[in-house]
Chemist: 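This is the structure I want to talk about, given as C-alpha cells.
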Amino acid sequence: MITVARFVSSEESSARTALKLGPKSIAERFRNLELDTSGTMPAIERYTGVLYDPLGAQTADAATRSWWHDHVVVQSAMFGPIGAGDPIPAYRLSHDSRLGTLRLASHWPTVSSRVLAERADGLVLDLRSEGYRQLGPVPEAVAPRVVSVDGSGRRRALNHWNKTAKGRLVALLARTGAVVETMDDLVDWAAAHGVVVERSDSGWDLVAESLAPVTA
C-alpha cells in the first residue's frame, strides 16, 4: 500500500487524480513521499476534522487517553485497522482514493475484518462512515444512526454533522471511563449522562442534540 501510494504521489498529475487533490491541497502528496522519515504521533492525535476535533485529544488526561488506547480502533486507508495509541506518520489517502488497478475496497476487507474480529471484546460500536465500513465489515457490530430531532419530535438522519456527534460520544465515553459491554450497558450509561440512545425501526438512534461538547 505504501509503495503504491508513494508511486502515485511522485508526480503532481497522477497525485491529483489518485488522491483527488485540488490546487490548494496538492502539496499534501509530499506526505506520502516522506512516510519512512517523517515523525509520528498517536493516531488519536494525528487525525483532525469534525470527527476528531471534538475529542480534544491534545489536552486529554492520562485516564482518557488510556481508555481510547484500550477501546478505540481507527480504520486507516493506508494502514488498515490501527489502535488509537498507535504511532503513525502524516499521509494522504482516503477510502475512495484511486490507485490504478489497486482497489482499497478489495485490498482491505479480509485482513481488516479479521483484525477487528480479533480485537472485539463484547459490544462493537461501529462509528465509521459507510465508505470506511466497506474496508473492514464487522457484521455483528452496532452502527447507530445519528439523528436530529426538531420541535415536533420528528427525526431526520444527519449526514456531515453526524461526525461531530460521534466524536463527542467517544470523548464522553472516554472521559467518564465507561464500562460498556452490551447495548443495555450503553443505554444505561447514556441515560446517566443525558445522552439519548434509543432503539428505532432501523436499529439504534443516537440523538445529536443530547451530546454537548465535552470540556477538558
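Reckoned from all heavy atoms, side chains included, excluding hydrogens, waters and symmetry mates.
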Chemist: Considering only heavy atoms from C-beta outward, does the side chain of Leu55 approach that of Ile44 to under 4.5 Å?
Modeler: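 Side-chain contact under 4.5 Å: yes.
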Chemist: Using atom types as modelled, flag every donor-acceptor pair under 3.5 Å from a side chain in residues 138-147 to any protein atom, sequence neighbours excluded.
Modeler:
residue: Arg145; atom: NE; partner: Asp205; partner atom: OD1; Å: 3.0
residue: Arg145; atom: NH2; partner: Asp205; partner atom: OD1; Å: 3.3
residue: Arg145; atom: NH2; partner: Asp205; partner atom: OD2; Å: 2.9

Chemist: Looking at CG of Asn32 and CE of Met1, how far apart are the two atoms once the value is rounded to the nearest 0.5 Å?
Modeler: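 These two atoms lie 11.0 Å from each other.
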Chemist: Please enumerate all residues that pass side chain to side chain contact (heavy atoms under 4.5 Å, CB included) together with Arg199, with sequence neighbours excluded.
Modeler: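 Side chain to side chain contact (heavy atoms under 4.5 Å, CB included) check on Arg199 returns Trp204.
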Chemist: Would you say Leu104 and Val115 are hydrophobically clustered, going by side-chain heavy atoms of ILVMFWY under 4.5 Å?
Modeler: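 Cluster IDs for Leu104 and Val115 match.
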Chemist: Between Met78 and Ala5, what is the shortest heavy-atom contact and its length?
Modeler: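 Here Met78 and Ala5 meet closest at CE-CB, 3.7 Å.
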Chemist: With clusters defined by side-chain heavy atoms of hydrophobic residues (ILVMFWY) lying less than 4.5 Å apart, directly or transitively, does Val111 cluster with Leu99?
Modeler: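 Yes, Leu99 and Val111 fall within the same hydrophobic cluster.
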Chemist: Does any non-hydrogen side-chain atom of Pro109 lie less than 4.5 Å from one of Pro137?
Modeler: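 Contact flag for Pro137/Pro109 side chains = yes.
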Chemist: Quick one, Leu102 and His107 - any side-chain contact, counting heavy atoms below 4.5 Å?
Modeler: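 Leu102 reaches His107 side chain to side chain.
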Chemist: With a 4.5 Å limit on heavy-atom distance, are the side chains of Glu130 and Gln134 in contact?
Modeler: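 Side chain of Glu130 against side chain of Gln134, heavy atoms only: contact under 4.5 Å found.
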Chemist: Return the minimal non-hydrogen interatomic distance between Phe79 and Ile2, and the atom names on each side.
Modeler: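 Minimum heavy-atom contact is CE2-CD1, 3.9 Å.
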Chemist: Rounded at 0.5 Å granularity, tell me how far CG in Leu135 sits from OG1 in Thr110.
Modeler: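 The distance works out to 11.5 Å.
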Chemist: Calculate, to the nearest 0.5 Å, the distance between atoms OG and CG belonging to Ser25 and Leu19 respectively.
Modeler: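 So the gap between those two atoms works out to 9.0 Å.
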Chemist: Do other residues, nucleotides or ligands put more than 12 heavy atoms under 6.0 Å from Asp121 CG?
Modeler: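 Count not over threshold, so no.
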Chemist: Indicate yes or no for a side-chain donor-acceptor contact from Ser112 to the backbone of Trp108 under 3.5 Å, with no hydrogens or angles considered.
Modeler: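 Looks like yes, one N/O pair under 3.5 Å.
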Chemist: Indicate if Leu211 and Val187 have the same hydrophobic cluster label, given that clusters are the connected sets of ILVMFWY residues with side-chain heavy-atom separations under 4.5 angstrom.
Modeler: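 Yes, one cluster joins them.
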Chemist: Does Arg98 reach the main-chain N or O of Ala18 with its side chain, forming a donor-acceptor pair under 3.5 Å?
Modeler: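 Looks like no, no N/O pair under 3.5 Å.
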Chemist: Just how far is it from atom OG1 of Thr59 to atom CZ of Arg65, taken to the nearest 0.5 Å?
Modeler: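 Separation between the atoms: 8.0 Å.
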Chemist: Quick one: are Trp67 and Thr64 in side-chain contact, heavy atoms under 4.5 Å?
Modeler: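 Not touching, per the 4.5 Å side-chain cut-off.
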Chemist: Evaluate the criterion side-chain contact (heavy atoms from CB on, under 4.5 Å) for residue pair Leu206 and Val195; output intermediate values, then yes/no.
Modeler: CA-CA 8 Å; Leu206 170 64; Val195 179; 3.8 Å; yes
Chemist: Hey, quick one: are Ile82 and Val73 part of the same hydrophobic cluster, counting side-chain heavy atoms closer than 4.5 Å, chains of contacts allowed?
Modeler: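 No, Ile82 and Val73 fall in different hydrophobic clusters.
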Chemist: Return the CG to CZ distance between Leu172 and Arg175, rounded to the nearest 0.5 Å.
Modeler: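 One finds 9.0 Å between CG of Leu172 and CZ of Arg175.
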Chemist: Might you confirm whether atom CZ of Phe7 has over 12 heavy atoms from other residues, nucleotides or ligands at distances under 6.0 Å?
Modeler: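 Result for CZ/Phe7: open.
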Chemist: Asp96 versus Tyr132: any side-chain heavy-atom pair under 4.5 Å?
Modeler: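 Asp96 does not reach Tyr132 side chain to side chain.
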Chemist: Does a donor on one side chain sit under 3.5 Å from an acceptor on the other, for Asp150 and Ser152?
Modeler: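 Per modelled atom types, Asp150 and Ser152 side chains form a pair under 3.5 Å.
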Chemist: Yes or no on side-chain contact (heavy atoms from CB on, under 4.5 Å) for Glu209 and Ser148, after CA distance, side-chain angles and deciding distance?
Modeler: CA-CA 7 Å; Glu209 288 86 353; Ser148 179; 2.4 Å; yes
Chemist: Donor-acceptor check, side chain of Lys166 to backbone of Leu127, threshold 3.5 angstrom: yes or no?
Modeler: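 Yes: the side chain of Lys166 pairs with the backbone of Leu127.
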Chemist: Within this structure, what is the CD-CH2 distance for the pair Glu45 and Trp68, rounded to the nearest 0.5 Å?
Modeler: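 The distance works out to 8.5 Å.
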Chemist: Nearest heavy-atom pair of Pro213 and Arg168: which atoms, and what distance?
Modeler: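 Taking Pro213 first and Arg168 second, the nearest heavy atoms are CG-NH2, 3.4 Å.
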Chemist: Is there a path of hydrophobic side-chain contacts, each under 4.5 Å between heavy atoms, that joins Val196 and Val170?
Modeler: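 Val196 does not cluster with Val170.
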Chemist: Inspect the surroundings of CD in Glu11 and state if more than 12 heavy atoms from other residues, nucleotides or ligands are less than 6.0 Å away.
Modeler: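 No - once you tally the heavy atoms of other residues, nucleotides and ligands closer than 6.0 Å, there are 12 at most.
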Chemist: For the residue pair Lys20 and Ser94, establish whether any side-chain heavy-atom pair is separated by less than 4.5 Å.
Modeler: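 No. Closest side-chain heavy atoms not under 4.5 Å.
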Chemist: Do the charged groups of Glu198 and Arg155 touch, with an N to O distance under 4.0 Å?
Modeler: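 Yes.
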Chemist: Decide yes or no on side-chain contact (heavy atoms from CB on, under 4.5 Å) for Val197 and Met183, but give the supporting numbers first.
Modeler: CA-CA 9 Å; Val197 176; Met183 279 306 297; 4.2 Å; yes
Chemist: Donor-acceptor pairs are to be reported for all side-chain atoms of residues 83-93 against protein atoms at under 3.5 Å, with residues two or more places apart or in another chain.
Modeler:
residue: Asp86; atom: OD2; partner: Gly83; partner atom: N; Å: 2.7
residue: Tyr91; atom: OH; partner: Tyr47; partner atom: OH; Å: 2.7
residue: Tyr91; atom: OH; partner: Ser76; partner atom: OG; Å: 2.9
residue: Arg92; atom: NH1; partner: Glu28; partner atom: OE1; Å: 2.3

Chemist: Walk me through it: do Leu116 and Gln75 pass the test side-chain contact (heavy atoms from CB on, under 4.5 Å)?
Modeler: CA-CA 9 Å; Leu116 291 169; Gln75 181 74 50; 3.9 Å; yes
Chemist: For Asn159, look at atom CG and say whether over 12 heavy atoms of other residues, nucleotides or ligands are found less than 6.0 Å away.
Modeler: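 No - once you tally the heavy atoms of other residues, nucleotides and ligands closer than 6.0 Å, there are 12 at most.
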